[in-house]
Each structure stands twice: as structure tokens, then as C-alpha cells.
There are 2 protein chains.
Amino acid sequence: MHETAELLKEHHLKATPQRIKIVSMLEEYGHINIEDLYSHMLEEFPSVSLATIYKNINQMIESGLIQEVKIPKTKSVFELIKEPHLHMVCEKCGKIEDICIGTEKVIEEAKKLSGYDIKESFITLRGVCPECQ
Amino acid sequence: MHETAELLKEHHLKATPQRIKIVSMLEEYGHINIEDLYSHMLEEFPSVSLATIYKNINQMIESGLIQEVKIPKTKSVFELIKEPHLHMVCEKCGKIEDICIGTEKVIEEAKKLSGYDIKESFITLRGVCPECQ
DNA sequence: CTGAAAAAGAAAATTATTTTCTTTTAAGGC
DNA sequence: GCCTTAAAAGAAAATAATTTTCTTTTTCAG
């Protein structure tokens with residue numbers, strides 16, 4: 001069995017071909033928006049419905065398999081949930097990449113200044129990637 | 001003349017009562033979503049159109065007066081543009097606050113690891129505010 | 001105070017997302 | 001492997017969000 005199918009099962013989602021394709025695309029591309037997801041799905045499943053995409057995306061969010069990433073001035077994309085990371089967005093080519101770096105300093109300082117008990121951080125950095133420089 | 005009106009003029013926007021109210025609300029609340037903006041506007045301008053709200057918000061974004069802030073699992077809000085800052089969101093009461101802290105460390109490290117030439121950063125921290133703890 | 005350009009408001013159009021309903025399918029038990 | 005059944009897919013309609021179009025009203029420079 002696909003390991004992708006197992007991933008779905010672990011999240012109590014039936015391993016339908018459409019869901020396997022969605023998860024495979026997330027694995028392949030890392031980040032993808034609804035529109036691109038739909039157009040790629042159409043290649044393999046010519047009669048797939050946009051409602052199926054939305055329903056599956058929402059179920060995958062509810063089950064903790066994926067999450068929405070909101071990026072300024074851009075359509076939201078979705079990604080598989082993994083260890084905490086931040087997002088690098090290239091303003092030239094539009095590429096989105098994940099990087100893992102320590103954010104304790106910022107979080108600690110924010111905590112000190114604001115008094116908040118901080119649970120999560122969402123960091124997006126926009127600039128120009130090495131290939132576009 | 002209102003200083004709010006002058007702020008609009010500086011951004012080449014005519015100082016209509018509706019725009020003055022929008023900017024005043026942004027000054028008062030700091031962050032506000034379209035829905036709340038509209039319902040407060042209705043109190044003062046019973047015949048205001050939602051299209052007017054959207055058109056003004058978009059013009060204010062284009063002119064560099066305000067910007068959209070996208071927050072995970074929440075409707076977007078808008079804020080007046082000011083010095084760079086990050087956003088604190090209370091997961092209990094929903095409050096959004098700005099804080100200014102240094103982010104050079106994170107940005108420097110991200111630059112080193114990714115090779116990106118970083119131009120902007122967008123940071124949102126979610127947690128529990130002092131009042132809700 | 002007047003005219004031109006822009007904005008407001010109303011309504012329609014478009015786009016995005018969700019819901020409903022019927023048919024099809026995945027997968028556990030035999 | 002074959003049933004059964006709950007869940008998913010697909011189609012279409014419904015709802016929500018946003019934008020556009022068009023006419024009337026208003027701002028504001030001269």
C-alpha cells in the first residue's frame with residue numbers, strides 16, 4: 001500500500017484516489033493553492049469536482065494532516081503539517097520554501113514585552129531567492 | 001480640518017466622510033475586519049454600501065495608507081501602515097496587538113541559511129494575553 | 001461659486017466556498 | 001473474494017465574498 005494511503009489512514013481519512021493525489025501533490029510541491037491543486041487534479045481525474053477538493057482540504061485540516069498558510073498579497077496555500085518552520089517567499093519567482101531556524105530569541109523578547117503566554121509563531125519572510133538574484 | 005482628512009490628502013485620496021470614518025476606526029481600533037468595519041459604518045452612514053467599503057479599502061492599500069494583515073484561522077484585518085512591528089493575537093479574547101521588537105537575529109539567520117535577500121518580515125505570535133491568563 | 005473629476009450608492013456580475021442530494025466506492029467482516 | 005455500510009465523489013444549487021458597472025452626488029481646485 002502507498003505510504004501516502006497510510007498517512008491518510010492514520011488521520012482517520014479513507015484513502016481515496018483523489019485524497020492520495022492531493023497528499024502526493026503536497027509532498028511533491030510542498031505548498032499549493034486551491035486553484036493549482038484543482039487544475040492538476042483535473043489532469044488525472046477529469047471529472048473531479050471543486051467541491052471534492054474543498055471538502056477534502058477541510059477534512060485534512062480538521063484531522064491535523066495539513067494546514068493553511070496565509071501569505072501577504074498572495075492566495076493561501078496548503079502544506080502538510082511537520083515540525084515548526086518559517087516560510088521564505090521569493091518576490092520574483094513566487095517560490096515558497098520552508099526553513100528551520102531558532103526563533104526563541106524573538107519569542108522570548110515578545111513574551112517579556114507583551115506579557116503574552118506565546119503558544120505558536122507564524123513567520124513569513126519575503127525577499128529574493130538565490131536563483132533570482 | 002481633521003488631521004485624518006490631511007492624512008488622506010497626503011495619500012492623494014479625497015477626504016470624504018466615509019473615508020474619514022474608515023481611517024478614524026483604524027486609528028481607534030488598530031485592526032479591524034471588513035465585516036466589523038461595515039457594521040460600524042452603518043451606524044453613522046445608514047446607506048453606506050459594502051462596495052464603498054471595499055473600494056476604499058483597496059484604494060487605501062494601493063496608496064500605501066493601510067495594509068491587510070492575514071492571521072491564521074481568522075478573517076483578515078486592516079491596519080494603518082506605520083513602523084515595522086509584529087502581531088500578537090490572543091487566542092482567548094481574539095485581541096490583536098502590535099509590538100516592536102528587534103528581529104535582526106532571525107532575519108540574519110534566515111538569510112544565511114536560505115541565501116535569500118530578505119526585504120520584509122511578517123510575524124504573528126499566538127498565545128494568551130495577560131488579561132486572559 | 002462653479003465645473004470637472006472622483007466618490008458614493010444601488011444593483012448586477014463575478015469569484016470563492018459550502019451545502020445538498022444522489023450515485024459510487026473503500027474497506028472491514030464474513 | 002464477496003457483501004454491507006458508512007463515507008466519499010460528483011453535480012448542481014446555495015451562500016458568501018468581492019468586484020464591476022452605471023447613475024447620482026460630492027469634493028475641491030480655481
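Sequence lines set the chain letters: A, B, ... in the order given, protein chains first and strands last, and positions in each chain run from 1. All values below were derived from every heavy atom in this structure, side-chain atoms included, with hydrogens, water molecules and symmetry-related copies excluded. Just so it is clear, the model here is predicted, and its values are computed rather than measured.
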### Message
Taking ring-ring contact (aromatic ring centres under 6.0 Å, His included) as the cut-off, I'd like each qualifying pair that reaches into residues 79-113 of chain A, sequence neighbours left out, listed once.
### Response
H31(A)-H87(A), H85(A)-H87(A)

### Summary
Those residues at least two apart in sequence (or on a different chain) that pass side-chain hydrogen bond (donor to acceptor under 3.5 Å, both in side chains) with Q133(B) are none

Close N/O contacts between protein and nucleotides 24-26 of chain D (under 3.5 Å):
none

### Task
Kindly point out which of dA10(C), dA8(D), dA8(C) is positioned nearest to the side chain of R19(A)?
dA8(D)

### Task
Would you work out how much the helix from dC1(C)-dG30(D) to dC30(C)-dG1(D) bends between its ends, with each end axis defined by five base pairs, to 10 degrees?
50°

### Query
With sequence neighbours excluded, what pairs up with H11(B) under the ring-ring contact (aromatic ring centres under 6.0 Å, His included) test?
none

### Message
Nearest whole Å is fine: how far is dA16(D) P from Y38(B) OH?
### Response
14 Å

### Task
Could I get the full list of side-chain hydrogen bond (donor to acceptor under 3.5 Å, both in side chains) partners for K73(A), not counting sequence neighbours?
none

#### Entry: Proximity to DNA chain C (any heavy atom under 4.0 Å), residues of residues 53-66 of chain B only
K55(B), N56(B), Q59(B)

## Note on the structure
Residue pairs meeting salt bridge (charged side-chain N to carboxylate O under 4.0 Å, His left out), one or both in residues 47-61 of chain B, sequence neighbours left out, come to none

## Note on the structure
For residues 83-94 of chain B, the salt bridge (charged side-chain N to carboxylate O under 4.0 Å, His left out) pairs (sequence neighbours left out) are K119(A)-E91(B)

### Query
How many Å lie between CD on E44(A) and P on dG10(D), as a whole number?
12 Å

### Query
For S47(B) and dG9(C), is the shortest distance between a side-chain N/O and OP1 or OP2 below 4.0 Å?
yes

Which donor-acceptor pairs under 3.5 Å do the side chains of residues 101-117 of chain B make with protein atoms, sequence neighbours left out?
| unit_1 | atom_1 | unit_2 | atom_2 | d |
| --- | --- | --- | --- | --- |
| S114(B) | OG | A110(B) | O | 2.6 |
| S114(B) | OG | Y116(B) | N | 3.1 |
| Y116(B) | OH | E97(A) | OE2 | 2.7 |

### Message
Show me the pairs that pass salt bridge (charged side-chain N to carboxylate O under 4.0 Å, His left out) and involve residues 121-133 of chain A, at least two apart or across chains.
### Response
K95(A)-E131(A), R126(A)-E120(B)

### Task
Send over the distance from D36(B) CG to dA17(D) P, rounded to a whole Å.
12 Å

In a table with atom names and distances, give each donor-acceptor pair under 3.5 Å that connects a side chain of residues 43-54 of chain B to protein atoms at least two apart or in another chain.
| unit_1 | atom_1 | unit_2 | atom_2 | d |
| --- | --- | --- | --- | --- |
| E44(B) | OE1 | K21(B) | NZ | 3.0 |
| S49(B) | OG | A51(B) | N | 2.9 |

